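This is a predicted model, so every value here is computed, not measured. Order of the sequence lines sets the chain letters (A, B, ...), proteins ahead of strands, with each chain counted from 1.
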Amino acid sequence: MNESKFHSVRLDKDKCKGCTNCLKRCPTEAIRIRGGRAHIINERCIDCGECIRVCDYHAKYAQTDPLSVIERFKYKIALPAPSLYGQFKGKIDRSQILEGLLKIGFDDVFEVATGADIVTRAIRENMRNATPDQFPLISSACPVIVRLIRSRFPELISHVVDIRQPMEVAAMVARKEFCKKHDVDPGDVGCFFITPCAAKVTAIRNPLTLQQSACDGAISMIEIYGLLAGSMKNFTLHAERATSTAYGVGWAKSGGEMAAVAPEHSMAVDGIENVIRVLEEIENNKLRDLVFFEGAACTGGCVGGPLTFENSYIARNAIRALMSGCDFTHPDEAVKASYLTKYNLYTERPITPNSVMRLDDDIIEAMRKMEEMEQIVRSLPGYDCGSCGSPTCRTFAEDIVRGFATKMDCIHMLKDQLKIMAQKMVELSNTTRE
Amino acid sequence: MADYIIRDSYPVQTAAYESAGDASARIKRKLKQLGIDSAILRRIAVASYEAELNLIIHSHGGELIMEMTPKSIVLISKDVGPGIADISQALKEGYSTASEEARDLGFGAGMGLPNMKRNADSFDITSEVGVGTTIQMGFQIA
Ligand SMILES: Nc1ncnc2c1ncn2[C@@H]1O[C@H](COP(=O)(O)OP(=O)(O)OP(=O)(O)O)[C@@H](O)[C@H]1O
Ligand code: SF4
Ligand SMILES: [Mg+2]
């Protein structure tokens, strides 16, 4: 598969029953039911993982890398997302989790929370030089939200932070420091993100704003959970491995990035539908004094990611408890200034708008299709039942004008048509009898 | 084909706070599907939202009309009263007669009309007390 089209969220055709659960819940209307099976429209999918959560048949899944992928490299570094720290019940030390990762096969660990510390400082430096029209700055941490903005709010693209994501920064720093310390070739070092979601997998395989990700793979949190939890038993602390600040750890939950980057005149919103609503307000210039906006697709932030093990609310509390034991030095001081000069923390290319919503590139043709679509909408019953395979009557009309469906795919239209035909047959048989 | 035209009307009711923004959201969605450049779209979004809210907050009800040709978009806000006695005063930044209720909901900064004027390429307002207000805003798209 072409990597530029790569999406982590996939469908297992054999398990799909063709119900309408995912169809109705997809926030970008990227799913259709065709031939009794769901079908994901790649150009529209933003990898939020909502369909993975709602599918009762587990037909939707996230393509991640198996743990065995690390064997491709001589030296393996684990990059645990901060949300991993919230997955364990009881009083657990971060170092215990990091040590556990070493036990299951990694040679070294580097906290993505430390990456978040560095990114925090970088965003804050940037903010000081931002022009008034760049505000509110919009977080780029959740790749789902970035993709959402690309297709639904392209006019907000210029507000999105152009600093790399914490996992990218973590991978860059981890690789460089490991090579220096052990005097090894960078090509022999593999950096693997322990991911709470599908979106980060896509962001690694098919990065929007980088030529190439610094991560070599993404391993699902839930997949290694059992193994990791087992390896953490009978724990003796060999070394204090966790060095990230409470602020970096806080990025695991909704509001964490905001608290670190811009606690005043800012806003953190979680849950994709809520984020859409607030972006609408920003688009309408309604939130004039807003300095920073953090949006997370998942409820509670990354602790609610589709590939996490623990319930989002419990994990969120676990993070809060863990933070209270962490160093509260702000990244402005905790992060060495040399990180900002030694590494290129900026993204490499701008985010480009995604024109999937556009009916046609030619404006007159688009207008024609729009009119045709409105006409079809008026002729449909407006039940939004999904039986046609499209999520709403409106999208169904859109699918018809785009040439992907025909009116008779609507069972109500079909029924009406059959009624007329039956009527005609009765009439016909009556006339032949006469 | 320059005279090819799409015309839509969205009724807006007075004090319909619960559906505030619906009409402009529908206009916005439509323009996105029509492929309008995002910078222009943002200006139209702001203008239509402010117009819609003024209909809800200040008018006895009216409609938002969107007329589009391949070259331009015209937004019209039309209502059935109460009308504006002093238009130049209403156009001043910070001037507002918004009710306590509207202010509690975060409206009433007196920035709506100035914002509409600033964002539109052309702006025309007529009003008669006891009859109603009509605002016409033009946007070049090509
Ligand atoms: N459609 C209308 N009908 C009657 N009066 C109006 C109408 N639109 C605006 N006005 C008057 O003009 C004033 C200024 O309107 P403007 O939109 O600039 O500010 P606002 O609505 O009061 O506050 P904001 O738009 O910042 O929430 C209003 O307070 C109101 O007195
Ligand atoms: S909120 Fe976090 S876990 Fe959820 S999709 Fe976004 S980055 Fe992934
Ligand atoms: Mg107003």
*asked:* Heavy-atom cut-off 4.5 Å, strictly under: side chain, backbone, both or neither for Glu398(A) against chain B?
replied: side chain
*Can you tell which part of Pro353(A) gets under 4.5 Å to a heavy atom of chain B, answering side chain, backbone, both or neither?*
neither
_Between Lys30(B) and Glu374(A), does any side-chain N to carboxylate O distance fall below 4.0 Å?_
yes
_Could you report the tightest heavy-atom contact between Glu280(A) and Ala25(B), atom names first, then the distance?_
OE1-CB, 4.5 Å
*Heavy-atom closest pair, residues Pro70(B) and Ile364(A)*: CG-CG1, 3.6 Å
Determine whether more than 12 heavy atoms belonging to other residues, nucleotides or ligands lie under 6.0 Å from atom [atom1] of [X].
| X | atom1 | result |
| --- | --- | --- |
| Gln140(B) | CD | yes |
| Asp289(A) | CG | no |
| Lys24(A) | NZ | yes |
| Glu264(A) | CD | no |
| Lys117(B) | NZ | no |
| Arg34(A) | CZ | yes |
| Arg26(B) | CZ | no |

Which portion of [X] sits near chain A, non-hydrogen atoms under 4.5 angstrom:
| X | value |
| --- | --- |
| Ile6(B) | both |
| Ile141(B) | side chain |
| Leu53(B) | neither |

*Gap between atom CG of Leu34(B) and atom CD of Glu365(A) - 0.5 Å precision*: 11.5 Å
_Inter-residue atom distance Arg358(A).CZ - Leu31(B).CG, 0.5 Å rounding_ = 12.0 Å
*Apply side-chain contact (heavy atoms from CB on, under 4.5 Å) to the pair Arg42(B) and Phe153(A), showing each step before the final yes or no.*
CA-CA 9 Å; Arg42(B) 177 100 194 255; Phe153(A) 301 95; over 6 Å; no
*In terms of heavy-atom pairs under 4.5 Å with chain B, which of Leu156(A), Leu359(A), Asp361(A), Asn284(A) leads?*
Asn284(A)
*asked:* Tell me which of these, Met373(A), Met367(A), Lys369(A), has more heavy-atom pairs under 4.5 Å with chain B than the rest.
replied: Met367(A)
*In terms of heavy-atom pairs under 4.5 Å with chain A, which of Met68(B), Glu50(B), Lys32(B), Arg29(B) leads?*
Lys32(B)
*Decide yes or no for Arg288(A) and Asn115(B): does some side-chain heavy atom of the first lie under 4.5 Å from some side-chain heavy atom of the second?*
yes
